[in-house]
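Here the structure is a predicted model, which means the values were calculated and not measured.
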Amino acid sequence: MKAVWYERTGAAPDILSFGDMPTPTAGPGEVRIRLEASGINPADVGRRAGSYRAMEFPRVIPNSDGAGIIDQIGGGVTRLSVGQRVWLFNGQRNGRAFGTAAEYIALAEQLVTPLPDDVSFAAGATLGIPGMTAWCGLYSDGPIAGRTVLVTGGAGAVGHYAVQLAKWGGARVIATVSSAFKAEQARLAGADLVINYKTEDVVAKAMAFTEGRGVDRVVDVDFGGNIATTLKLMAMNSTIAVYATNGNRSPVVPMRELMERCITLRALVLFALPQPLLAAAQADISKWLAAGKRIHNIAAQFPLSETAQAHLAVERGDKLGTVVVDCAR
């Protein structure tokens, strides 16, 4: 099969190779997927660059999300079948060296979910880590119907799905953004209130929207950078779900203030979450997809041979949505 790989960390154009590798075979409990699209997450780029950790394997195929068609099933697989359209997550995680920047991947069936016929493979490749992270940030602490949810970075890959999934779950949704264009994207996703944190008073607008009560749940893209603001608008017995903290990687946690309002601080990273929670997320995302037309923001698309350029597009930091590699071209 054609694939992209690296054998040392560094700049994408310097260390990513494109060529032939052995086609994997589905082992027990696995399915093999003929990949049509590969979704790139910031963590995929960080691992390749070496900013996350040292090389875990002699050779790595990058990228952890994707979509395609099952063409082989291993022993014991009962939930999925050959010919099914599917999306997947955590392809290059949890002890697996070979991700989705390839024509094929063999993967445990619990990481694979049927993809509706009306959702393109490119759109399916945006669902994995962004969609699953959004759901877990919203629902790990129970239903959100009738609650007020704040999504920071409401136009980002995770944030945009969080807004849509929160509205589907019956919440009132506030989204913060950094530009007028991103504000429009958050509104299209269904946000009831959009606040430009660069030009508007987030606390004043959020507290006015909630009539002084505060928000029940926050899905936060930058705990360290946001906590001083976030703390001022939390309701009693509320939750801050954190999936990134790039502004300040070692923030001071204001424990006394959290305690006094019984605020739960939930830190999450998808590959470490328990399987029952992940299965619940997959089931709910399937219901959400089936219930209506959804927005899947594809920032850019590149052929497999240009995966290095796709990684650079993520690194620039100005993308809206997910950068996708077309594995079939």
Side-chain angles (χ1 to χ4, degrees), residues 1 3-6 9 12 15-16 21 24 30-57 59-68 70 86-113 115 121-137 156-158 161 221 243-244 268-273 275 277-279 281-282 285 296-302 304 307-308 310-315 319 321-327:
M1 69 174 182
V4 173
W5 68 85
Y6 59 93
T9 58
I15 58 98
L16 287 179
M21 282 185 60
E30 292 184 335
V31 297
R32 187 175 70 185
I33 300 160
R34 188 180 75 245
L35 289 160
E36 296 286 338
S38 169
I40 305 174
N41 292 279
D44 300 319
V45 170
R47 284 168 177 258
R48 185 266 308 149
S51 58
Y52 275 56
R53 62 192 68 187
M55 285 284 293
E56 299 173 274
F57 308 97
R59 173 177 285 188
V60 173
I61 294 176
N63 306 355
S64 288
D65 292 340
I70 294 174
V86 295
W87 60 274
L88 63 98
F89 68 99
N90 281 3
Q92 201 273 297
R93 293 287 192 278
N94 298 87
R96 288 180 301 277
F98 295 159
T100 60
E103 291 181 319
Y104 292 88
I105 187 172
L107 198 62
E109 68 167 327
Q110 66 262 28
L111 300 175
V112 181
T113 310
L115 181 69
F121 290 116
T126 73
L127 284 169
I129 290 175
M132 293 287 289
T133 300
W135 187 95
C136 292
V158 173
Y161 276 139
V221 67
Y243 65 91
L268 59 91
V269 61
L270 197 64
F271 65 80
L273 291 174
Q275 178 55 36
L277 185 68
L278 297 176
Q282 290 166 276
I285 289 172
H296 309 280
N297 279 338
I298 300 168
Q301 292 180 252
F302 295 83
L304 183 61
T307 297
H311 272 229
L312 293 177
V314 175
E315 286 181 325
K319 69 182 182 66
T322 300
V323 173
V324 172
V325 167
D326 295 322
C327 300

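Side-chain atoms of Phe302 and Thr307, non-hydrogen and from C-beta on, never get closer than 4.5 Å to each other. Counting only heavy atoms from C-beta outward, the side chains of Thr113 and Val86 never approach each other to under 4.5 Å. For the pair Thr322/Ile40, no side-chain contact is recorded, criterion being any heavy-atom separation below 4.5 Å from C-beta on. Residues Leu107 and Glu30 form no side-chain contact, since every pair of their non-hydrogen atoms from C-beta on lies 4.5 Å or further apart. Side chains of Leu115 and Leu127 form a contact here, defined as non-hydrogen atoms less than 4.5 Å apart. The side-chain heavy atoms of Met132 and Leu273, taken from C-beta on, include no pair separated by under 4.5 Å. Val325 has its side chain out of reach of Gln301: every pair of non-hydrogen atoms, C-beta onward, lies at least 4.5 Å apart.
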Would Val112 and Trp87 satisfy side-chain contact (heavy atoms from CB on, under 4.5 Å), going step by step from the backbone distance to the final call?
-> CA-CA 6 Å; Val112 181; Trp87 60 274; over 6 Å; no
Assess whether side-chain contact (heavy atoms from CB on, under 4.5 Å) is satisfied between Asp326 and Phe121, documenting all intermediate values.
-> CA-CA 9 Å; Asp326 295 322; Phe121 290 116; over 6 Å; no
When you look at Ile70 and Arg32, which way does the side-chain contact (heavy atoms from CB on, under 4.5 Å) test go after all the steps?
-> CA-CA 6 Å; Ile70 294 174; Arg32 187 175 70 185; over 6 Å; no
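Of all the heavy atoms in Ile105 and Phe98, the pair that sits closest is CD1-O, 3.7 Å. Taking all atoms of both residues into account, the shortest heavy-atom contact from Asn90 to Phe271 is ND2-CA, 3.3 Å. Residue Leu111 comes nearest to Gln282 through the heavy atom pair C-NE2, 4.1 Å, listed as atom of the first residue, atom of the second, then distance. The two residues Asp65 and Ala125 have their closest heavy-atom pair at CB-O, 3.5 Å. Closest approach of Gly91 and Arg96 over heavy atoms only: O-NE, 3.1 Å. Contact between Ile298 and Ala122 at its shortest, heavy atoms only, is CD1-CB, 3.6 Å.
To the nearest 0.5 Å, atom CG of residue Asn41 and atom CD1 of residue Ile129 are 4.0 Å apart. Distance check, rounded to the nearest 0.5 Å: OH of Tyr243 to SG of Cys136 gives 12.5 Å. Rounding to the nearest 0.5 Å places CD1 of Ile61 at 11.5 Å from CG of Leu16. Considering CE of Met1 and OH of Tyr104, their distance stands at 9.5 Å, rounded to 0.5 Å. Rounded to the nearest 0.5 Å, atoms CD1 (Ile15) and CH2 (Trp5) are 12.0 Å apart. The distance from the CG atom of Leu88 to the CD atom of Gln110 is 12.0 Å, given to the nearest 0.5 Å.
Listed by first and then second residue, the side chain to side chain donor-acceptor pair (under 3.5 Å) pairs that reach into residues 123-137 are Thr126-Tyr161, Trp135-Asp284, sequence neighbours excluded.
The closest side-chain donor-acceptor pair between Ser64 and Gln92, if any, does not fall under 3.5 angstrom.
Note on Arg48 versus Glu315: salt bridge recorded, some NZ/NE/NH1/NH2 to OD/OE distance being below 4.0 Å. Between Arg93 and Asp44 there is a salt bridge, since a side-chain N of the basic residue sits under 4.0 Å from a carboxylate O of the acidic one.
Glu103 places no side-chain N or O within donor-acceptor distance of the main-chain N or O of Glu36, the cut-off being under 3.5 Å.
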